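Report on the following structure.
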Amino acid sequence: MIPSPALQEALERSRRLGALGPGPIRTHVDHAAAFLEALAAVPAGSTVVDLGSGGGVPGLVVLEARPDLSLVLLDAMEKRTALLVEAVAAMGAGDRCRVVTGRAEDMGRSDELRGAAVAVLARSFGPPAVTAECGSPFLALGGRLVVSEPPQVSNRWPVAGLAQLGLEIAPDSVPGAQVLVQRAPCPARFPRRNGIPAKRPLF
């Protein structure tokens, strides 16, 4: 997809300020294609949470490409969410996108966001166990956790480990992303308190 001038400027600014990695903006946008493919079957009006939105990929790209979805862009760093707020406003998408400053462990326990998402996106959020534990609580039953996956990597998502969270590997994962499905409700004990998913990973 070709980014609009507003999206192009937002991502360029994120890159200048160190919130987005080096390289052409078009490359970053193209990297989000796997997320868009995984969201193809997500119906209009659905809520999608982007974990660790950072510099805006894939969150802002999805926001532009899927104007029928409601986005929640979540990041723990206020300087990054400030950039995202400005970007969303410049894109004219403030009516269908909310930027939230907070840790995933805390927000996954909030009454407003727990179990509210049809999809959760994660790009470079953390190791598989951390991403699964922090992403699962946001998902409604049947929802999809879409995780950017490095090429030629396998065995990062053990079935038994995912089952603790009610997750299963989707049969229709797409190139460049691992897709997990929330087959059972995420148990109330997850996510554990701040920092524990990384210090004591489930798998």
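Computed from a predicted structure; not experimentally measured.
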Whether Arg16 and Glu9 form a salt bridge (side-chain N of Lys/Arg under 4.0 Å from carboxylate O of Asp/Glu) is what I want to check. yes
What's the shortest heavy-atom distance between [X] and [Y], and which atoms?
{"X": "Ser110", "Y": "Met107", "result": "OG-O, 2.8 Å"}
{"X": "Ala76", "Y": "Arg103", "result": "CB-CG, 4.1 Å"}
{"X": "Ala104", "Y": "Pro191", "result": "O-CG, 4.4 Å"}
{"X": "Ala90", "Y": "Ala6", "result": "O-CB, 3.7 Å"}
{"X": "Gln164", "Y": "Leu202", "result": "NE2-O, 3.7 Å"}
{"X": "Leu84", "Y": "Gly55", "result": "CD2-C, 4.5 Å"}

Is there side-chain contact between [X] and [Y], with heavy atoms separated by less than 4.5 Å?
{"X": "Arg26", "Y": "Ile2", "value": "yes"}
{"X": "Gln182", "Y": "Ser136", "value": "yes"}
{"X": "Leu51", "Y": "Phe138", "value": "yes"}
{"X": "Leu113", "Y": "Arg98", "value": "yes"}
{"X": "Pro22", "Y": "Arg15", "value": "no"}
{"X": "Val61", "Y": "Pro3", "value": "no"}

Could you state the interatomic distance from [atom1] ([X]) to [atom2] ([Y]), rounded to the nearest 0.5 Å?
{"X": "Ser53", "Y": "Leu121", "atom1": "OG", "atom2": "CG", "value": "8.5 Å"}
{"X": "Thr131", "Y": "Gln178", "atom1": "OG1", "atom2": "CD", "value": "11.5 Å"}
{"X": "Asp172", "Y": "Glu37", "atom1": "CG", "atom2": "CD", "value": "9.5 Å"}
{"X": "Leu73", "Y": "Thr81", "atom1": "CG", "atom2": "OG1", "value": "10.0 Å"}
{"X": "Arg80", "Y": "Thr101", "atom1": "CZ", "atom2": "OG1", "value": "12.0 Å"}
{"X": "Arg156", "Y": "Ile169", "atom1": "CZ", "atom2": "CD1", "value": "11.5 Å"}

Does [X] use its side chain to pair, donor to acceptor, with the backbone of [Y] at less than 3.5 Å?
{"X": "Glu105", "Y": "Gly195", "answer": "yes"}
{"X": "Arg109", "Y": "Pro137", "answer": "no"}
{"X": "Arg144", "Y": "Ala170", "answer": "no"}
{"X": "Gln8", "Y": "Ile25", "answer": "no"}

Does [X] share a hydrophobic cluster with [Y], counting links as ILVMFWY side-chain heavy atoms below 4.5 Å and allowing steps through other members?
{"X": "Met91", "Y": "Val85", "answer": "yes"}
{"X": "Phe125", "Y": "Val146", "answer": "no"}
{"X": "Leu167", "Y": "Trp157", "answer": "yes"}
{"X": "Leu11", "Y": "Phe35", "answer": "yes"}
{"X": "Leu7", "Y": "Leu39", "answer": "yes"}

Can you list the steps and then say if Leu36 with Val62 is a side-chain contact (heavy atoms from CB on, under 4.5 Å)? CA-CA 7 Å; Leu36 291 170; Val62 172; 3.9 Å; yes
Should we count CG of Asp95 as having more than 12 external heavy atoms under 6.0 Å? yes
Donor + acceptor pair across side chains of Arg123, His31 (<3.5 Å): yes
side-chain contact (heavy atoms from CB on, under 4.5 Å) evaluation trace for Val88 with Leu60: CA-CA 8 Å; Val88 170; Leu60 293 178; 4.1 Å; yes
